[in-house]
Amino acid sequence: MGVSPEAQQFAQFLESVSAKSSTPGLDLAVVRDIVDSNHKASTEPEGVTYAEVDADGVPALWAIPQDADPDKALLHFHFGGSVTASMHSDRKAAGHIAKAAGARSLVVDFSLAPEHPYPAQLDDAETAYRWLLSQGYEPHNIGSTGHSIGGTLAVMLPLRLLAKGEATPGAIVSVSPWADLTLENASVDENGDNDKMLSRGTLELFRGAWLQDPAVDFTDPRISIAKADLTGLPPTAVHYGEYETLADDGAELGRRLADFKITSEVHPLPEGQHSFVLGAGRVPEVDRAIQQMGQWLRQHLGN
């Protein structure tokens, strides 16, 4: 049947932003400004308001749908390989997901590499989670969500909490996760022409900026979540686009969840792009996927 015209237009938009941001010689600050323009792919979600907050020192942005359940919250992590993007680039997409889930979403503006390498992003994620707890939210009423590196953090945070013997969020939605930092999965190269946002070269740049400690190997299960012990994770939904360089990462994470008998669903989006949630409100395939994410969160939060 093929993808919708809107999906084709979205892919062209991602390609144009990627081309601008990869112009040789650009200052990193300029690249970040260009990448933040990815928010233009999403429409403004109707009935969602926003409020910037300080989550115990971590900048964040509430996306608040009308009639959201006051007891439930999402903790959302943006894309950008740890190097680019922000709470502003994810604001509208996060608002659409929040609306589908019927819960407000705290979009975390975590520290960026190379200025702040790993584990700064995970530290910020944990701080924001603990801030939500201080605001009265119960762990089982919090959903951990994100895409790209944010989809990785959405899983890393519960794994860190489990290692500390602490309560995790009640559910996870991980979109387009970067699950294997070795970049050995076949789709990294096989989808090189299909993926309009990411390439092997971009992933290698991100990886080098993020992981600056020579003692941290790319196979380290703290980094490559597809190699981690996933025992005890809350119910987890994985969504990825079949045209992504990281498509195999999403599929591999899904298999690992099954191996560890975690309640899970895996949703490959036919011809879907990396971080496809950025097309929220314009691309029908994306909107259907976001409705699935919302249903998953409604089903599993509060249990």
Side-chain angles (χ1 to χ4, degrees), residues 9-42 52 58-61 76-94 107-125 146-154 156 175-179 181 183 187-189 191-213 216 218 223 240-241 243-246 249 272-280 282:
Q9 291 163 5
F10 174 61
Q12 292 165 1
F13 171 83
L14 292 179
E15 189 172 30
S16 78
V17 174
S18 181
K20 290 174 192 170
S21 65
S22 58
T23 302
L26 287 184
D27 183 79
L28 181 54
V30 175
V31 173
R32 286 172 173 160
D33 283 345
I34 294 169
V35 171
D36 263 5
S37 70
N38 275 296
H39 79 87
K40 295 177 181 176
S42 312
E52 293 193 27
V58 178
L61 182 74
H76 183 86
F77 307 109
H78 66 74
F79 71 109
S82 83
V83 177
T84 63
S86 70
M87 63 186 183
H88 303 292
S89 52
D90 260 49
R91 176 180 66 81
K92 291 187 280 187
V107 187
V108 181
D109 205 32
F110 53 78
S111 304
L112 297 180
E115 301 95 325
H116 304 281
Y118 172 86
Q121 297 70 29
L122 185 54
D123 292 343
D124 285 350
H147 61 115
S148 190
I149 194 78
T152 310
L153 289 168
M156 277 183 165
V175 181
S176 301
W178 192 1
L181 273 287
L183 302 181
S187 63
V188 173
D189 296 313
N191 274 338
D193 292 334
N194 292 327
D195 191 323
K196 302 306 180 184
M197 180 186 281
L198 286 183
S199 64
R200 172 178 285 278
T202 303
L203 289 166
E204 288 173 347
L205 284 170
F206 286 161
R207 184 176 68 173
W210 191 36
L211 303 177
Q212 296 179 31
D213 183 349
V216 180
F218 296 143
I223 294 295
Y240 65 90
Y243 270 12
E244 296 189 42
T245 53
L246 298 180
D249 285 45
Q273 288 293 323
H274 182 69
S275 285
F276 62 80
V277 290
L278 291 170
R282 293 194 204 279

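Position 1 is the first residue of the sequence, and the numbers go up from there.
At a threshold of 4.5 Å between non-hydrogen side-chain atoms, the residues His274 and Leu246 count as touching. Residues Thr152 and Phe77 fail the side-chain proximity criterion, which asks for heavy atoms closer than 4.5 Å. A heavy-atom distance below 4.5 Å is not found between the side chains of Arg200 and Thr245. Annotation: side chain of Ile223 is not in contact with side chain of Trp178 (no heavy-atom distance under 4.5 Å). At least one side-chain heavy atom of Val17 sits under 4.5 Å from a side-chain heavy atom of Ile34. Using a 4.5 Å heavy-atom threshold, the side chains of Val83 and Leu205 count as separate. With contacts defined as side-chain heavy-atom distances shorter than 4.5 Å, the pair Phe13/Lys40 qualifies. Using a 4.5 Å heavy-atom threshold, the side chains of Phe218 and Leu211 count as touching.
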Quick one, Arg32 with Leu112, criterion side chain to side chain contact (heavy atoms under 4.5 Å, CB included). Give me CA distance, side-chain angles, the key distance, then yes/no. CA-CA 10 Å; Arg32 286 172 173 160; Leu112 297 180; 3.6 Å; yes

Can you list the steps and then say if Ser275 with His147 is a side chain to side chain donor-acceptor pair (under 3.5 Å)? CA-CA 6 Å; Ser275 285; His147 61 115; 2.8 Å; yes

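When atom types are taken as modelled, the side chain of Arg91 and the backbone of His39 share no donor-acceptor pair closer than 3.5 angstrom. Between the side chain of Gln273 and the backbone N or O of Asn194 there is at least one donor-acceptor pair closer than 3.5 Å. Checking side-chain atoms of Gln121 against main-chain N and O of Ser111 turns up a donor-acceptor pair under 3.5 Å.
Here the rule is side-chain contact (heavy atoms from CB on, under 4.5 Å) with Phe79, and of Val277, Leu198, Val35 only Val35 fits it.
Between Trp210 and Tyr118, the two ring planes are perpendicular [angle over 60°; tilted spans 30° to 60°].
Annotation for Phe276 and Tyr240: closest pair CE2-C, 3.8 Å, computed over non-hydrogen atoms. For the pair Ser18 and Met197, the tightest heavy-atom approach, listed with the atom from each and the gap, is OG-O, 3.5 Å. Minimum heavy-atom separation, His78 to Val108: CD2-O, 3.4 Å. Heavy atoms only, all atoms of each residue included: Gly80 and Ile149 are closest at N-CG2, 4.1 Å. Between Met87 and Ala60, the shortest heavy-atom contact is SD-C, 3.5 Å. Taking both residues in full, the closest heavy atoms of Asp109 and Val58 are given as O-CG1, 4.3 Å, listed atom of the first, atom of the second, then distance.
Here OG of Ser199 is found 12.5 Å from CG of Asn191. Values are rounded to the nearest 0.5 Å. If you take CG on Asp195 and CD on Glu15, they are separated by 10.5 Å, rounding to the nearest 0.5 Å. In this structure, CG in Leu122 is found 12.0 Å from OG in Ser82, a value given to the nearest 0.5 Å. Atom-to-atom distance recorded for Asp90:CG and Ser42:OG is 8.0 Å, nearest 0.5 angstrom. How far CG of Asp33 is from CG of Leu28: 10.0 Å, rounded to the nearest 0.5 Å.
No more than 12 heavy atoms of other residues, nucleotides or ligands lie within 6.0 Å of CG in Asp193, so this atom counts as exposed by the packing criterion.
Side-chain N/O atoms of Asn38 and Ser89 include no donor and acceptor closer than 3.5 Å.
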